[in-house]
Amino acid sequence: MVNYSFEIPNEKAKIYRIITMLMLLINLVAFVFVVSKSWLDLIKWIAIAGGIVNIIAVIISYKKDDSVKKGKAGFYAIETAFIFSALCWALIGNFFASVLLLLFAVFGFYTNRKFIIQFSEEGISYPSFPPKLFLWKDVEQALLKDDILTIDLKDNRLLQFSIDKKLGAVVDEDEFNQFCSRQMIT
């Protein structure tokens, strides 16, 4: 069975990054506020721990940006900080903030994953939420040309992605385009 996989750019990652940094800063300010207004030592220590984790997440996140530019992988520092902060807010008794931060962590894990389109004899697997499978009978044309992947669907939707040049060098355009043409005929 012939399969082709293409990693497509994650358009939402930049927006998510800005929003999460803003959430981390708001969270940090809220922890500082709790420390300054609380009269119970336990709550103060929980808020201090939450604030420290948020500061560490920001630092690791900036280091991660440098390592990603250098081609090294990082881990989910911000999402881990959101989970720890959610636990802190739950211990303090603010369950709304806890649930909100857990939701941001889940969205973060989803947003930061690799988006891969897979072409098989069955159809085109598209990484949306929930994942979609475009059957070949619903595809007007699928084409890879000059590192641009184009999927034209019969319902007038056009999907176009810029493919990494390294991946484009690995995949034979003619062979891929012939595979797609054969699938649309059958």
Side-chain angles (χ1 to χ4, degrees), residues 5-118 124-134 147-149 151 157-167:
S5 296
F6 298 95
E7 183 178 344
I8 58 175
N10 187 349
E11 304 292 331
K12 297 174 183 159
K14 291 179 184 177
I15 295 169
Y16 174 77
R17 176 152 172 66
I18 292 168
I19 292 171
T20 54
M21 283 300 184
L22 184 62
M23 285 295 293
L24 277 175
L25 292 175
I26 291 170
N27 201 28
L28 182 60
V29 169
F31 278 132
V32 169
F33 180 77
V34 168
V35 168
S36 68
K37 297 295 180 184
S38 179
W39 59 88
L40 295 173
D41 285 340
L42 179 62
I43 291 177
K44 281 185 180 184
W45 283 110
I46 292 171
I48 289 170
I52 289 171
V53 166
N54 279 270
I55 292 170
I56 291 170
V58 169
I59 293 169
I60 289 174
S61 177
Y62 281 113
K63 295 286 187 186
K64 178 182 170 188
D65 285 346
D66 291 339
S67 66
V68 167
K69 289 176 188 172
K70 294 175 185 173
K72 299 176 184 173
F75 70 100
Y76 297 98
I78 292 176
E79 291 75 17
T80 305
F82 280 156
I83 292 170
F84 185 81
S85 296
L87 177 65
C88 291
W89 284 117
L91 291 173
I92 290 172
N94 190 335
F95 298 106
F96 176 74
S98 180
V99 169
L100 182 67
L101 290 171
L102 284 176
L103 285 174
F104 265 94
V106 169
F107 286 135
F109 289 122
Y110 174 75
T111 303
N112 290 320
R113 70 182 172 89
K114 292 183 178 184
F115 288 95
I116 298 179
I117 294 180
Q118 294 182 329
I124 302 170
S125 176
Y126 184 74
S128 61
F129 184 75
K132 293 180 185 173
L133 177 67
F134 299 120
D147 300 324
I148 303 291
L149 177 63
I151 303 169
R157 285 187 285 171
L158 181 69
L159 306 171
Q160 220 168 25
F161 308 100
S162 179
I163 303 299
D164 186 14
K165 293 199 184 294
K166 293 176 187 173
L167 180 64

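This one's a predicted model, so the numbers in the text were calculated from it and none came from an experiment.
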**OP:** Step by step, work out the side-chain contact (heavy atoms from CB on, under 4.5 Å) result for Ile8 and Ile116.
**Re:** CA-CA 6 Å; Ile8 58 175; Ile116 298 179; over 6 Å; no
To the nearest 0.5 Å, what is the distance between [atom1] on [X] and [atom2] on [Y]?
{"X": "Ile48", "Y": "Cys88", "atom1": "CD1", "atom2": "SG", "answer": "11.0 Å"}
{"X": "Lys132", "Y": "Leu159", "atom1": "NZ", "atom2": "CG", "answer": "8.5 Å"}
{"X": "Ile56", "Y": "Ile78", "atom1": "CD1", "atom2": "CD1", "answer": "13.5 Å"}

**OP:** Assess whether side-chain contact (heavy atoms from CB on, under 4.5 Å) is satisfied between Leu22 and Ile26, documenting all intermediate values.
**Re:** CA-CA 6 Å; Leu22 184 62; Ile26 291 170; 4.0 Å; yes
Work out which heavy atom in [X] is nearest to a heavy atom in [Y]; give both atom names and the distance.
{"X": "Ser128", "Y": "Pro130", "value": "OG-O, 2.6 Å"}
{"X": "Ala57", "Y": "Leu24", "value": "CB-CD1, 4.3 Å"}
{"X": "Leu28", "Y": "Gly51", "value": "CD1-O, 3.5 Å"}
{"X": "Phe31", "Y": "Ser85", "value": "CE1-OG, 3.8 Å"}

**OP:** Report, as yes or no, whether the 6.0 Å neighbourhood of atom CZ on Phe109 holds more than 12 heavy atoms from other residues, nucleotides or ligands.
**Re:**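 Atom CZ in Phe109 is packed in, count exceeds 12.
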Original post:
More than 12 foreign heavy atoms under 6.0 Å from CZ of Phe115: is that the case here?
Top reply: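 Atom CZ in Phe115 is crowded, with more than 12 foreign heavy atoms closer than 6.0 Å.
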Flag side-chain contact, heavy atom, 4.5 Å: [X] against [Y]:
{"X": "Leu158", "Y": "Ile151", "value": "no"}
{"X": "Leu25", "Y": "Val29", "value": "no"}
{"X": "Met21", "Y": "Tyr16", "value": "no"}
{"X": "Ile124", "Y": "Leu133", "value": "no"}
{"X": "Ile83", "Y": "Leu87", "value": "no"}
{"X": "Gln160", "Y": "Leu149", "value": "no"}

Original post:
Taking it one step at a time, do Phe161 and Ile117 satisfy side-chain contact (heavy atoms from CB on, under 4.5 Å)?
Top reply: CA-CA 10 Å; Phe161 308 100; Ile117 294 180; 3.4 Å; yes
**OP:** Check for a donor-acceptor pair, side chain of Tyr126 on one end and backbone N or O of Gln118 on the other, with a separation under 3.5 Å.
**Re:**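 Absent.
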Subject >> Selection residues 86-104 - residue pairs positive for side-chain hydrogen bond (donor to acceptor under 3.5 Å, both in side chains), sequence neighbours left out >> reply: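 Residue pairs with at least one partner in residues 86-104: Asn27-Trp89.
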Original post:
Which residue pairs pass the side-chain hydrogen bond (donor to acceptor under 3.5 Å, both in side chains) test with at least one member in residues 29-52, sequence neighbours excluded?
Top reply: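 Qualifying pairs, neighbours excluded: none.
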Original post:
Do Phe82 and Leu103 pass the side-chain contact (heavy atoms from CB on, under 4.5 Å) test, and can you show the C-alpha distance, the side-chain angles, and the key distance before you say yes or no?
Top reply: CA-CA 9 Å; Phe82 280 156; Leu103 285 174; over 6 Å; no
Original post:
Can Asp147 and Ser162 be counted as having a side-chain donor-acceptor contact under 3.5 angstrom?
Top reply: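 Asp147 vs Ser162: no donor-acceptor pair found between side chains.
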